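In this text the structure is predicted, and so the values were computed from the model without any measurement. Side chains included, hydrogens not; waters and symmetry mates left out as well; all remaining heavy atoms used.
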Amino acid sequence: MTDDPSAHHTLPSSPDTGRRRDEPAETADGAAVDGNIHVGYWDGAADDRSLDQATDRLTDLVAERLGAAPGRRLLDVGCGTGRPALRIARATGARVSGISVSDEDIALARTRADAAGLAGHVDFRYADARALPFGTASFDGAWAIESMMHIADRTAALTEIARTLRPGSPLVVTDVLLRSPVTGEAAELVRRTCRAFGSPALPEPAELRTALGRAGLEVVEFGDIGEHVRPTYQAFADAFDGVAPSADDPHHEFFGFTRSLPRFGALPQIGYVFLVARRP
Ligand SMILES: C[S@@+](CC[C@H](N)C(=O)[O-])C[C@H]1O[C@@H](n2cnc3c(N)ncnc32)[C@H](O)[C@@H]1O
């Protein structure tokens, strides 16, 4: 297992809101996959949100826990291509700093911020969560949507995030969760999925709680919203059906794997953590 940031590759994003639901994603790059890089949240079977609407919904649930307001400073750990940061900055008036270990992410996120006219409110830079380029107690809140799963030393990352938070400020973490150990074929499927996601190992509940405690963070809320996000895996497989990436596409492995995602997502051991912690 490696924790070298250069070894990380991440999921491509969900289809862009501009694309009609019935329009197939034709290429592995460009606008068709340029959006949120996280699961969607549905209330239940009767909730007919599209994948895009549901992924924005997850961002909104995170925003609700941040107590964001104009003038506040927030940190987005593992910002992807910036859509969550821009959405939260626009909705709340807060200033957001986003970091990622992908130059490609940062370039796209900056382009998005310019296009949205939010460059004065949001900044994106290349940085590792385990060595943040920010002073102690710089932020009034932070979030990490599906970035902890990419980091082997989660205690180191959480300790560093905690350092940058002002006392009393919240950290919201959401991530794919391994609820309980898997064996046999299920273990092999989880192992292959981790490889495709670029995850050294999926977070587990006890391990996350221990890491938060070691980082000096208090758990305020620790939920498993796995059943609300489960439709994502089939939706991703449908959205990327027929996508033919070139061999040098950095997400080549992920695209080759999307057909297996529904089987992974159906494993009862796969959940999704939504937690709020606080720096005392
Ligand atoms: C699945 S994407 C999620 C992106 C974004 N949070 C979203 O929801 O759209 C994972 C992100 O974590 C970032 N990441 C992975 N390891 C990291 C590390 N050690 N430090 C900072 N960011 C990291 C990746 O570069 C990527 O931007």
Side-chain angles (χ1 to χ4, degrees), residues 1 9-15 36-62 65 78 143-152 154 158 172-213 219-241 251 253-277:
M1 285 197 318
H9 53 280
T10 60
L11 282 166
S13 26
S14 65
N36 290 323
I37 317 179
H38 59 245
V39 299
Y41 182 99
W42 288 266
D43 287 323
D47 184 344
D48 64 357
R49 281 182 177 83
S50 67
L51 176 60
D52 262 338
Q53 290 167 337
T55 54
D56 278 340
R57 177 91 195 284
L58 184 83
T59 303
D60 293 344
L61 292 173
V62 169
R65 306 304 202 278
W143 76 87
I145 303 179
E146 290 174 38
S147 48
M148 286 301 142
M149 66 188 278
H150 299 289
I151 301 172
R154 293 190 257 267
L158 290 168
V172 185
V173 174
T174 81
D175 230 311
V176 180
L177 185 73
L178 187 62
R179 288 174 172 165
S180 55
V182 273
T183 54
E185 274 180 34
E188 176 57 15
L189 181 57
V190 169
R191 196 191 60 73
R192 287 199 299 120
T193 308
C194 282
R195 207 172 123 81
F197 281 4
S199 169
L202 296 178
E204 297 179 40
E207 172 232 326
L208 271 180
R209 284 185 184 273
T210 302
L212 288 161
V219 176
V220 177
E221 186 182 333
F222 196 105
D224 180 345
I225 58 170
E227 303 321 312
H228 291 277
V229 312
R230 223 176 265 294
T232 305
Y233 301 103
Q234 184 64 53
F236 253 94
D238 293 345
F240 291 102
D241 188 27
H251 302 304
E253 191 153 358
F254 174 78
F255 283 108
F257 186 74
T258 47
R259 250 173 274 121
S260 302
L261 274 181
R263 276 202 308 126
F264 167 78
L267 290 174
Q269 295 92 341
I270 296 302
Y272 194 91
V273 66
F274 186 102
L275 73 85
V276 184

Practice problem: Without swapping roles, check the side chain of Arg230 against the backbone of Ile270 for a donor-acceptor pair under 3.5 Å. | Solution: yes

Quiz item: Which distance, rounded to the nearest 0.5 Å, do you find between the SG of Cys194 and the NE2 of His150?
Solution: 10.0 Å

Exercise. Work out which heavy atom in Met148 is nearest to a heavy atom in Leu158; give both atom names and the distance.
Key: CE-CD2, 4.1 Å

Quiz item: How many angstroms lie between OG1 in Thr193 and CZ in Phe257, if you round to the nearest 0.5 Å?
Solution: 3.0 Å

Quiz item: Parallel, tilted or perpendicular: which fits the ring planes of His228 and Tyr41, with parallel below 30° and perpendicular above 60°?
Solution: parallel

Exercise. Of all the heavy-atom pairs spanning Phe264 and Val190, show the shortest one and how long it is.
Key: CE1-CG2, 4.2 Å

Quiz item: How far apart are the closest heavy atoms of Phe274 and Leu61, and which atoms are they?
Solution: CZ-O, 3.6 Å

Quiz item: Is it true that Arg57 and Asp43 have a side-chain N and a carboxylate O under 4.0 angstrom from each other?
Solution: yes

Quiz prompt | Qualifying salt bridge (charged side-chain N to carboxylate O under 4.0 Å, His left out) pairs with a residue from residues 198-212, counting only residues at least two apart or across chains | solution = Arg154-Glu207

Quiz prompt | Spatial distance of atom CG (Leu275) from atom CG (Leu208) [nearest 0.5 Å] | solution = 6.5 Å

Practice problem: Looking only at non-hydrogen atoms, find the nearest pair between Trp42 and Ser50 and report the distance. | Solution: CZ2-O, 4.1 Å

Extract all donor-acceptor atom pairs below 3.5 Å that involve side chains of residues 176-186 and protein atoms in other chains or at least two apart in sequence.
from, atom 1, to, atom 2, distance (Å)
Arg179, NE, Asp224, OD2, 2.6
Arg179, NH1, Glu227, OE2, 3.2
Arg179, NH1, Pro268, O, 3.0
Arg179, NH2, Asp224, OD1, 3.3
Arg179, NH2, Asp224, OD2, 3.4
Arg179, NH2, Glu227, OE2, 2.9

Quiz prompt | Atom pair CG/CZ of Leu212 and Phe222 - distance to nearest 0.5 Å | solution = 7.0 Å

Quiz item: If you look at every heavy atom in Pro262 and Thr258, which pair is closest and at what distance?
Solution: CD-O, 3.7 Å

Quiz item: Will you find, in the side chains of Asp52 and Asn36, an N or O donor that is under 3.5 Å from an N or O acceptor?
Solution: no

Practice problem: Decide yes or no on side-chain contact (heavy atoms from CB on, under 4.5 Å) for Glu146 and Val39, but give the supporting numbers first. | Solution: CA-CA 9 Å; Glu146 290 174 38; Val39 299; 3.6 Å; yes

Quiz item: What are the two closest heavy atoms between Met149 and Pro200, and how far apart are they?
Solution: O-CD, 3.3 Å

Self-check item: Pairwise distance CG(Asp175) to NE2(His38) - rounded to 0.5 angstrom
Solution: 12.0 Å

Self-check item: Donor-acceptor contact below 3.5 Å, side chain Ser147 vs main chain Ala144
Solution: no

